[in-house]
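Chain A is the first sequence line, chain B the second, and so forth, proteins listed ahead of strands; every chain is numbered from 1. Keep in mind that the numbers below use all heavy atoms, side chains included, and drop hydrogens, waters and symmetry copies.
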2 protein chains.
Amino acid sequence: MLEQLERTAVELAAEHGYDAVTVEMICEACMTSPRTFYNYLGSKEAAILGPRTPFASEEQVRRFVHEPTDDVLVDFLTMVIDSLTEVAVDPALYRLRQRVIYTTPELSAKRLAIDGEMEARYRAVVVERFRAAGRTEATDAELDDEAHMVIALSRGVLTYTAAKWYEPGFDRTVRELIENSIVLVRRVLTTSS
Amino acid sequence: MLEQLERTAVELAAEHGYDAVTVEMICEACMTSPRTFYNYLGSKEAAILGPRTPFASEEQVRRFVHEPTDDVLVDFLTMVIDSLTEVAVDPALYRLRQRVIYTTPELSAKRLAIDGEMEARYRAVVVERFRAAGRTEATDAELDDEAHMVIALSRGVLTYTAAKWYEPGFDRTVRELIENSIVLVRRVLTTSS
DNA sequence: AGGCATATTTGCAGGGTATGCAGAAGTGTA
DNA sequence: TACACTTCTGCATACCCTGCAAATATGCCT
């Protein structure tokens with residue numbers, strides 16, 4: 001039932017636009033009552049957004065912390081992207097969902113806010129990595145600041161990547177996109193003009 | 001009237017929390033009707049968010065495009081921050097507003113979305129600067145990509161800066177914060193681990 | 001099958017945001 | 001005072017969402 005409600009919500013929103021679809025419509029299509037919809041999903045938004053994006057697994061975090069390359073940003077982005085692409089389930093529905101979210105400002109905003117809630121946790125992970133790498137010369141505050149910035153930059157890169165990913169003529173893999181993004185970051189920060 | 005409604009909305013929200021304040025409350029405090037509130041403001045959100053953040057002025061854009069230093073990111077951030085801090089008006093109300101927004105996830109999200117709408121325009125400005133600097137070796141698509149990344153990174157830095165700015169013990173100026181942020185960006189991208 | 005406990009589903013009342021519309025109230029002018 | 005014009009207001013309506021209690025379905029035991 002939950003699955004059917006979500007699917008129907010996403011499909012209807014993709015077809016008519018998020019605002020044009022009412023909870024009642026979704027329920028009629030699913031032959032159930034609005035009250036049940038709210039019991040399962042809590043809100044119309046939640047139906048479209050779907051399950052919360054997962055935090056990186058313990059194993060992924062462990063690798064990030066204890067098997068560093070010489071580039072935090074790349075490692076961090078790799079970890080996050082890996083955790084995101086692990087979800088799988090129904091790829092068609094997944095992509096439809098993303099499309100609806102991405103084309104509805106209200107929903108992208110909400111999604112950004114939700115993902116932002118994980119940032120504090122990720123920040124701690126980054127600090128842990130710094131510590132593990134023997135960064136003992138810096139104070140806690142300094143490392144936390146630096147971790148904060150790693151997260152902030154990653155957010156930028158991920159935003160950029162997501163935009164590319166949802167552009168009409170998308171053909172490359174996420175990994176290629178991220179690699180391309182990193183190259184771009186370096187270019188922006190090293191070349192003049 | 002409009003001003004009074006906004007001020008009252010922000011003050012009540014700061015005191016009781018955004019969700020706890022109803023439009024009716026605001027209107028009672030202002031001795032007016034809910035209908036008038038909606039005539040002026042359109043939504044409760046709008047009352048708290050206030051006027052849209054302005055785009056950089058023509059003069060600021062001109063300087064960014066034609067008087068480049070060797071660092072796009074710094075120049076871009078400088079331009080944006082300058083345009084943001086030019087607003088002025090009532091500083092106390094301004095800060096109260098920011099605080100309410102920053103402490104209400106729903107509102108920060110919305111604000112981020114609104115600001116995001118200016119990114120396309122800023123991207124064009126960055127490309128213009130690249131062109132003015134004689135970057136003729138690159139294709140349009142390449143420059144646009146690079147500009148896109150400048151914006152994405154800036155968003156990250158601005159997010160970081162905003163977080164710092166609204167931390168309890170804030171004492172430094174925005175300019176100092178930005179400079180500090182840039183240093184941090186470079187460190188993250190150049191030092192190992 | 002009948003009876004029973006539990007879980008799921010539903011209806012209903014109500015509070016909140018927001019919009020369209022038409023009429024009321026205020027304002028300035030001849 | 002009469003008129004035009006702007007501003008404000010009330011009312012009806014649509015939609016989102018929540019709490020509560022009743023109805024329905026489900027599974028299990030005798």
Side-chain angles (χ1 to χ4, degrees), chain A residues 1-52 96-97 100-114 117, chain B residues 1-52 96-97 100-114 117:
Chain A
M1 185 81 266
L2 198 159
E3 206 181 325
Q4 194 200 343
L5 280 170
E6 281 192 5
R7 173 178 297 275
T8 309
V10 171
E11 283 168 356
L12 285 177
E15 191 179 345
H16 305 105
Y18 175 69
D19 285 332
V21 174
T22 70
V23 172
E24 206 175 0
M25 275 187 223
I26 301 166
C27 293
E28 271 172 27
C30 292
M31 310 251 286
T32 188
S33 73
R35 197 62 189 79
T36 302
F37 177 95
Y38 283 107
N39 282 342
Y40 275 111
L41 295 164
S43 76
K44 192 172 111 178
E45 255 184 10
I48 307 294
L49 291 173
R52 304 175 65 87
L96 196 59
R97 222 195 258 286
V100 173
I101 295 171
Y102 193 70
T103 54
T104 312
E106 189 186 340
L107 293 177
S108 336
K110 188 69 186 185
R111 149 88 142 232
L112 222 56
I114 292 174
E117 288 169 23
Chain B
M1 186 80 269
L2 197 160
E3 205 181 326
Q4 194 200 346
L5 280 170
E6 280 193 4
R7 172 178 298 278
T8 309
V10 171
E11 284 169 355
L12 284 177
E15 190 178 347
H16 304 105
Y18 176 69
D19 284 333
V21 175
T22 70
V23 172
E24 203 174 340
M25 275 187 221
I26 301 167
C27 294
E28 273 172 26
C30 292
M31 311 253 287
T32 186
S33 74
R35 198 63 190 79
T36 300
F37 177 94
Y38 283 108
N39 282 343
Y40 275 111
L41 294 165
S43 75
K44 193 172 111 178
E45 257 185 10
I48 307 293
L49 292 173
R52 303 175 66 88
L96 196 58
R97 222 193 258 285
V100 173
I101 295 171
Y102 193 70
T103 55
T104 312
E106 188 185 340
L107 293 177
S108 334
K110 186 71 186 183
R111 150 88 141 229
L112 220 57
I114 292 174
E117 288 169 24

### Rounded distance in Å - NZ (A:Lys110) to C1' (D:dC16)
13 Å
### Message
Side chain of B:Tyr38 only, heavy atoms from C-beta on: which candidate in D:dT9, C:dT19, D:dC17 is closest?
### Response
C:dT19
### Atom of A:Leu107, atom of A:Ile48 and distance for their closest heavy-atom approach
CD1-CG2, 3.6 Å
### Geometric cation-pi criterion, A:Lys44 with A:Tyr38: 6.0 Å, 45°
no
### Spacing of B:Glu24 atom CD relative to C:dG15 atom C1', expressed in whole Å
10 Å
### Message
So B:Thr36, base contact, sugar-phosphate only, or nothing? Heavy-atom distance under 4.0 Å.
### Response
base
### Task
Would you kindly give the CE-to-P distance between A:Met31 and C:dT9, to the nearest whole Å?
14 Å
### Message
Rounded to whole Å, please give me the gap between CG in A:Leu41 and P in D:dT18.
### Response
11 Å
### Query
For A:Phe37 and C:dC12, what is the distance between atoms CZ and P respectively, to the nearest whole Å?
20 Å
#### Entry: Closest to the A:Ser33 side chain, choosing from C:dG11, C:dA18, D:dC8
C:dG11
### Message
Nearest whole Å is fine: how far is C:dA13 C1' from A:Arg35 CZ?
### Response
12 Å
### Query
Between C:dT17, D:dT9, D:dC15, which nucleotide gets closest to the side-chain atoms of A:Thr22?
D:dC15
### Task
Rounded off to whole Å, could you give me the CD-to-C1' distance for the B:Glu45 and C:dG16 pair?
14 Å
### Task
Please determine if a side-chain N or O atom of A:Thr32 lies less than 4.0 Å away from the OP1 or OP2 oxygen of C:dT10.
yes
### Message
So if I take every side-chain heavy atom of B:Tyr40 and compare against D:dT18, D:dT7, D:dC11, which nucleotide ends up nearest?
### Response
D:dT7
### Query
What are the two closest heavy atoms between A:Gln4 and A:Thr8, and how far apart are they?
O-OG1, 2.6 Å
### Summary
Side-chain contact check for A:Met1: nearest option of C:dT9, D:dG19, D:dC17 is C:dT9
### Message
Could you tell me how far apart B:Lys44 (NZ) and D:dC15 (P) are, to the nearest whole angstrom?
### Response
21 Å
### Message
Testing the basics here: between A:Phe37 and A:Ala47, what is the closest heavy-atom pair and its distance to 0.1 Å?
### Response
CZ-CB, 3.8 Å
### Summary
Heavy-atom nearest nucleotide on DNA chain D taken for A:Val23 and for B:Asn39; more 5' hit belongs to B:Asn39
### Task
Please check if the side chain of A:Thr104 supplies one atom and the backbone of A:Val100 the other of a donor-acceptor pair under 3.5 Å.
yes
